[in-house]
Amino acid sequence: MRVSKPVPEGWRKIPNDWEVKRLGDIALLEYGISLKNSDRSGGVYPVYGSNGIVGFHNEPFVAGPGIVIGRKGSVGKVQFVKDSSCPIDTTY
């Protein structure tokens, strides 16, 4: 078990009753799935890349809600996804 480090001086104030943890300690981060543009069926499920929706497919890879984080291109861009979707391999 990791011990949380104190918040460095100058960072935003965090309420005293909150615990500071590393993201990887509280959330599972997984690569998106490879889905070439030519393999996307144009269905109702959005296909998410690092910059947002890049197409649509007929079946989801993950059930929503969730968070998609860019890992290539727009590294670190965070998107909240309300419904089931298809995050591709440029995302976590």
Side-chain angles (χ1 to χ4, degrees):
M1 178 158 126
R2 290 186 185 157
V3 175
S4 296
K5 296 179 182 179
V7 177
E9 194 172 324
W11 282 25
R12 294 185 305 185
K13 296 249 182 210
I14 296 176
N16 290 332
D17 58 336
W18 286 19
E19 187 176 343
V20 176
K21 293 189 173 194
R22 294 179 180 271
L23 180 59
D25 291 341
I26 60 170
L28 177 64
L29 298 178
E30 294 186 15
Y31 284 122
I33 296 174
S34 178
L35 182 63
K36 295 185 288 187
N37 194 23
S38 60
D39 293 335
R40 298 174 196 166
S41 68
V44 298
Y45 298 100
V47 175
Y48 280 88
S50 296
N51 288 311
I53 295 174
V54 295
F56 291 88
H57 194 55
N58 63 342
E59 55 187 281
F61 296 149
V62 296
I67 296 173
V68 175
I69 302 171
R71 69 173 199 88
K72 286 185 177 179
S74 295
V75 175
K77 180 177 179 181
V78 178
Q79 304 166 82
F80 175 73
V81 179
K82 190 167 79 171
D83 298 313
S84 298
S85 64
C86 307
I88 59 172
D89 57 4
T90 61
T91 68
Y92 288 109

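As a basis for the values below, the full set of heavy atoms in this structure was taken, side chains included, without hydrogen atoms, waters or symmetry mates. From a predicted model like this one, the values you see are computed outputs, not experimental measurements.
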Quick one: does [X]'s side chain have a donor or acceptor within less than 3.5 Å of a partner on [Y]'s backbone?
X: S50; Y: G73; answer: no
X: R40; Y: L35; answer: yes
X: R71; Y: G32; answer: no
X: S41; Y: N58; answer: yes
X: K77; Y: N51; answer: yes

Report task. Count the heavy atoms of every other residue, nucleotide or ligand shown that sit under 6.0 Å from CG of D17, and state whether that count exceeds 12. Result ->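 Check passes, neighbour count above 12.
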Nearest heavy atoms of [X] and [Y], plus distance in Å:
X: S84; Y: A63; result: OG-CA, 3.3 Å
X: F80; Y: P65; result: CZ-CB, 3.8 Å
X: D39; Y: H57; result: O-CE1, 3.4 Å

**Report entry** side chain to side chain contact (heavy atoms under 4.5 Å, CB included) assessment of Y92 paired with E30
**Finding:** CA-CA 5 Å; Y92 288 109; E30 294 186 15; over 6 Å; no
Quick one: does [X]'s side chain get under 4.5 Å of [Y]'s, heavy atoms only?
X: Q79; Y: Y48; answer: yes
X: T91; Y: I69; answer: no
X: P87; Y: I33; answer: no
X: S85; Y: F61; answer: no
X: V54; Y: I88; answer: yes

Query raised in the report: Do V78 and L29 belong together in a cluster built from hydrophobic side chains that touch within less than 4.5 Å?
Result: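 Yes, one cluster joins them.
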Report task. Start with the C-alpha distance between F56 and Y45, add both sets of side-chain angles, then the distance that settles side chain to side chain contact (heavy atoms under 4.5 Å, CB included), and finish with yes or no. Result -> CA-CA 5 Å; F56 291 88; Y45 298 100; 6.0 Å; no
Report task. Rounded to the nearest 0.5 Å, what's the gap from CG on D25 to CD on E19? Could you check? Result ->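 Interatomic distance, D25 CG to E19 CD, rounded to 0.5 Å: 9.5 Å.
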